[in-house]
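Let me begin by presenting the structure, written as structure tokens, before commenting on it.
These figures come from a predicted structure and were not determined experimentally.
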Amino acid sequence: MTDMMTKTPLLDGVAGPADLKRLNDAELARLADELRADVIDAVSRTGGHLGSSLGVVELTVGIHAVFDTPRDKLIWDVGHQCYPHKILTGRRHRMGTLRQKDGLSGFTKRAESDYDPFGAAHSSTSISAALGFTVGRDMGMPTGDAVAVIGDGSISAGMAYEALNNAGHEGRRLFVILNDNEMSIAPPTGAMSTYLSNLSRNSPFAPLHAIAEGMEAALPKPMRDGARRAREMVTGVESRGTFFEELGFDYIGPIDGHDMEQVLGVLRAAKTRATGPVLIHACTVKGKGYAPAEGSADKYHGVSKFDVETGEQSKGKSNAPSYTSVFGETLADLASKDPSIVAVTAAMPSGTGVNKMADRFPARVFDVGIAEQHGVTFAAGMAASGLKPFCAIYSTFLQRGYDQVVHDVVLQGLPVRFAIDRAGLVGADGATHAGSFDIGYLASLPGIVVMAAADEAELMHMVTTAAAHDSGPIAFRYPRGNGRGVEMPETGEVLEIGKGRMIQEGSDVALLSLGTHLDACERAAARLEAEGLSVSIADARFAKPLDMALIRDLAARHSLLVTVEQGAMGGFGAMVLQAMASEGLLDQGLKVRTLHLPDRFIDQANPDEMYADAGLTAEDIANTVRAAMRPAETNVVDLIAGE
């Protein structure tokens with residue numbers, strides 16, 4: 001797996017965590033160095049989440065050396081830091097398949113290994129799951145201790161607070177390791193981040209004070225300064241306890257998460273002495289041990305393939321801008337003309353593109369941390385005040401704020417603008433990050449406008465339309481990656497709400513597309529026309545309200561109507577069918593087919609492979625038309641193929 005120049009004698013002898021038990025502490029420290037080199041080498045070949053994985057190497061070795069996994073349940077929050085864990089748990093030989101089709105997931109996944117007791121990819125779930133395992137243990141299930149590893153960014157989310165509160169109340173033996181690197185994807189924000197940076201070191205385990213003696217002098221300067229601030233911290237409560245102690249946890253820390261002696265000593269003492277919930281506060285450095293990562297602004301959180309010697313990443317070139325950048329630049333330009341425009345992001349300023357507006361108007365962009373629920377209601381409050389908030393959240397993460405979308409935005413008719421990035425299938429991050437459901441879960445709500453951009457120019461128009469729409473909530477979705485390379489207008493135009501557009505006219509078949517699968521529809525149409533079929537193509541633009549005039553026209557002039565979308569069943573196609581049935585448009589023999597994502601989750605691969613798996617390629621669209629228009633011919637072909 002590793003480069004021939006990198007020797008890994010200790011790691012080569014590790015087939016699983018049991019092999020760590022025979023190593024002494026000095027050997028475990030050397031193993032951590034070998035493991036770090038192996039992670040760097042593996043990710044250089046596949047791309048992935050490098051910085052976060054490098055930051056937990058010593059913690060990973062320490063946990064597997066001290067605890068008895070998989071009987072003891074190790075639960076990684078989010079899971080993007082789990083590469084060292086995968087290497088130590090029998091998957092080293094498969095790291096070359098990381099985040100690829102039929103390969104290892106980039107996150108923890110129950111179906112992949114017994115050492116992954118709980119799947120993850122969204123943040124702040126680990127403590128809740130660990131408490132669930134703990135209750136299972138105490139009720140006689142065959143499970144040992146539960147260890148949750150959660151980052152300082154993830155612990156800012158409300159779900160983590162809820163779990164801490166419940167775990168403290170339960171008082172059961174449970175271990176939470178707070179991996180504090182002061183760097184999530186973007187620098188963590190909020191009062192909890194400030195609190196952690198200044199937290200009091202107040203260990204409840206008397207023997208651990210001896211371990212702590214002299215620790216500060218041995219720390220690197222940034223950690224030494226943090227430890228000094230921690231000692232100077234005054235909490236304002238009579239007991240001078242930490243926030244975690246007030247919730248019922250025994251608190252240990254902060255410790256140097258890269259000092260193997262400290263890590264092993266604290267883990268062993270905690271495991272030996274704990275009777276209730278324990279929180280271990282470990283300070284780490286994201287990207288630790290790899291200079292290009294440590295020196296990068298994002299600490300190499302997510303990287304493509306790269307050269308290990310230089311750190312230079314090999315990214316594909318495209319003449320077309322990314323959809324995210326088109327959104328960000330259009331929003332910033334609109335904000336320059338309208339001081340009431342504000343933006344909200346949930347810990348993803350660069351991922352959503354609002355960093356472009358933040359560069360120009362920092363006082364009008366709000367990063368709420370990993371707190372989608374709060375972010376949605378926060379935007380609703382700003383809308384109620386008269387501001388024009390753009391709430392920029394990935395489709396998969398907006399699911400976490402759905403109640404707030406319903407109750408706080410839509411029910412009150414507030415004009416929050418939802419910018420929904422990563423719509424459709426997203427590639428290497430797989431099913432956990434796919435934007436499969438937003439069409440259905442948004443368009444089912446009364447009074448909301450839902451748009452989907454067919455290309456980057458359409459996205460520009462939709463951002464402009466959202467800014468001008470003040471009569472209620474509005475959402476627009478767009479995919480990950482680069483646009484089609486279409487000609488871009490100087491400025492966006494305000495679209496007529498609920499009005500689609502014809503792309504080409506035909507007479508036999510109508511393809512009604514929503515979103516960026518318009519390109520596949522055009523390629524399918526070219527194949528069908530070469531076979532003698534006349535094909536119309538329409539871009540719906542709006543999932544809600546539907547352009548019923550367009551749908552009536554297509555139904556009247558064609559014998560087959562096919563809807564195409566990059567969303568789950570129950571979305572755009574289902575709404576078109578229901579609307580047509582209500583108006584009697586299905587009563588005269590019109591054939592209708594709906595193409596959408598299948599009723600299953602699709603694992604990681606490149607996007608083209610994922611859409612092929614989903615049955616949504618241009619050829620799949622053409623085959624759907626062929627089967628509907630020429631069933632006799634299709635049946636003959638199927639019979640021959642069956643022979």
Query raised in the report: Hey, are the side chains of Thr89 and His64 touching, using non-hydrogen atoms and a 4.5 Å cut-off?
Result: yes
Report task. Return yes if some donor-acceptor pair links the side-chain N/O of Gln399 with the main-chain N/O of Thr396 below 3.5 Å, else return no. Result -> yes
Query - Reported CG-to-CD1 distance for the pair Leu279 and Ile127, which is rounded to 0.5 angstrom - result: 7.0 Å
**Report entry** Beyond-backbone contact of Ile252 with Val278, side-chain heavy atoms, under 4.5 angstrom
**Finding:** yes
Query - Electrostatic pair Arg30:Asp25 at N-O distance under 4.0 angstrom - result: no
Report summary line: Tightest non-hydrogen contact, residues Ala347 and Ile370, listed as CB-CG1, 3.6 Å
Query raised in the report: Checking side-chain hydrogen bond (donor to acceptor under 3.5 Å, both in side chains) against His281, which of Asn179, Asp152, Asp180 comes through?
Result: Asp180
Report summary line: Ala605 and Met610 have their tightest heavy-atom pair at O-SD, 3.6 Å
Report task. Ignoring hydrogens and angles, tell me if any N or O in the side chain of His122 forms a donor-acceptor pair with the backbone of Thr432 under 3.5 Å. Result -> yes
Query raised in the report: To the nearest 0.5 Å, what is the distance between CG (Leu425) and CD (Gln604)?
Result: 12.5 Å
Query raised in the report: Between Ala167 and Leu174, what is the shortest heavy-atom contact and its length?
Result: CB-CD2, 3.7 Å
Report task. Go through Met159 and Thr125 one step at a time and tell me if the side-chain contact (heavy atoms from CB on, under 4.5 Å) criterion holds. Result -> CA-CA 7 Å; Met159 186 175 178; Thr125 63; 4.1 Å; yes
Query raised in the report: What's the verdict on side-chain contact (heavy atoms from CB on, under 4.5 Å) for Leu104 and Met95, showing C-alpha distance, side-chain angles and the deciding distance?
Result: CA-CA 7 Å; Leu104 293 177; Met95 289 300 288; 3.8 Å; yes
Report task. Determine whether Lys305 and Ser44 make a side-chain contact, defined as any pair of heavy atoms from C-beta on separated by less than 4.5 Å. Result -> no
Query - Carboxylate-amine/guanidinium proximity below 4.0 Å for Asp116 and Arg91 - result: yes
Query raised in the report: Are Arg92 and Asp12 close enough for a salt bridge, meaning some N to O gap below 4.0 Å?
Result: yes
Query raised in the report: Quick check: does any side chain N or O of Lys73 sit under 3.5 Å from a backbone N or O of Thr134, one acting as donor and the other as acceptor?
Result: no
Report task. Return the minimal non-hydrogen interatomic distance between Ile63 and Leu267, and the atom names on each side. Result -> N-CD1, 3.6 Å
Query raised in the report: Is Asp429 salt-bridged to Arg99, going by a charged N under 4.0 Å from an acidic O?
Result: yes
**Report entry** N/O donor-acceptor pair under 3.5 Å between Tyr402 side chain and Tyr441 backbone
**Finding:** yes
**Report entry** Note: Arg600-Asp613 ion pair, threshold 4.0 Å (strictly below)
**Finding:** yes
Report task. Could you walk me through whether Leu264 and Leu28 pass side-chain contact (heavy atoms from CB on, under 4.5 Å), step by step? Result -> CA-CA 9 Å; Leu264 291 169; Leu28 289 171; 3.8 Å; yes
Query raised in the report: So, the side chain of Gln313 versus the backbone of Phe306: is there a donor-acceptor pair under 3.5 Å, distance only?
Result: no
Report task. May I ask you to say whether Asp603 pairs ionically with Lys109, meaning some side-chain N is under 4.0 Å from a carboxylate O? Result -> yes
Report summary line: Correct closest heavy-atom pair for Tyr290 and Val308 would be OH-O, 2.8 Å
Query raised in the report: At their closest point, which heavy atom of Cys391 faces which heavy atom of Gly375, and how far apart are they?
Result: SG-O, 4.2 Å
Report task. Would you kindly say whether Asn165 and Glu162 are connected by a side-chain donor-acceptor distance under 3.5 Å? Result -> no
Report task. For the residue pair Leu398 and Asp438, establish whether any side-chain heavy-atom pair is separated by less than 4.5 Å. Result -> no
Query raised in the report: Looking only at atom types and distance, does a side-chain atom of Thr272 sit under 3.5 Å from a main-chain N or O of Arg268, one as donor and one as acceptor?
Result: yes
Requested in this report: Report yes or no: does Gln373 contribute a side-chain atom to a donor-acceptor pair with the main-chain N or O of Gln404 at less than 3.5 Å?
Outcome: no
Query raised in the report: Does the side chain of Tyr115 pick up a donor-acceptor pair with the side chain of His85 at under 3.5 Å?
Result: no
Report task. Could you tell me the separation between the CG atom of Asp145 and the CZ atom of Phe133, rounded to the nearest 0.5 Å? Result -> 13.0 Å
Query raised in the report: Of all residues at least two apart in sequence or in a different chain, which pass the ring-ring contact (aromatic ring centres under 6.0 Å, His included) check with His49?
Result: His80, Phe107, His301
Query raised in the report: With a 4.0 Å cut-off, would you call Arg480 and Asp421 a salt bridge?
Result: no
**Report entry** Sequence-distant partners of Ser126, side-chain hydrogen bond (donor to acceptor under 3.5 Å, both in side chains), two or more places apart
**Finding:** Asp77
Query raised in the report: Thr310 and Asp307: side-chain donor and acceptor closer than 3.5 Å?
Result: yes
**Report entry** Pairing of Glu58 and Arg36 as salt bridge, 4.0 angstrom limit
**Finding:** yes
Query raised in the report: With a 4.5 Å heavy-atom cut-off, do Val56 and Thr284 have their side chains touching?
Result: no
Query raised in the report: Strictly under 6.0 Å, is that where the ring centroids of Phe175 and Phe67 end up?
Result: yes
Report task. Please determine if Arg172 and Asp138 form a salt bridge, counting it only when a charged side-chain N lies under 4.0 Å from a carboxylate O. Result -> yes
Query raised in the report: Do Val78 and Trp76 have side-chain heavy atoms sitting under 4.5 Å apart?
Result: no
Query raised in the report: Is the shortest distance from a Lys or Arg side-chain nitrogen in Asp250 or Arg273 to a carboxylate oxygen in the other one below 4.0 Å?
Result: no
Query raised in the report: Where do Val285 and Glu294 land on the side-chain contact (heavy atoms from CB on, under 4.5 Å) test, with the steps shown first?
Result: CA-CA 8 Å; Val285 175; Glu294 289 191 46; 4.2 Å; yes
Query - Close side-chain approach of Val147 to Ile75, heavy-atom, < 4.5 Å - result: no
Query raised in the report: Do the non-hydrogen side-chain atoms of Thr108 and Phe118 ever get within less than 4.5 Å of each other?
Result: no
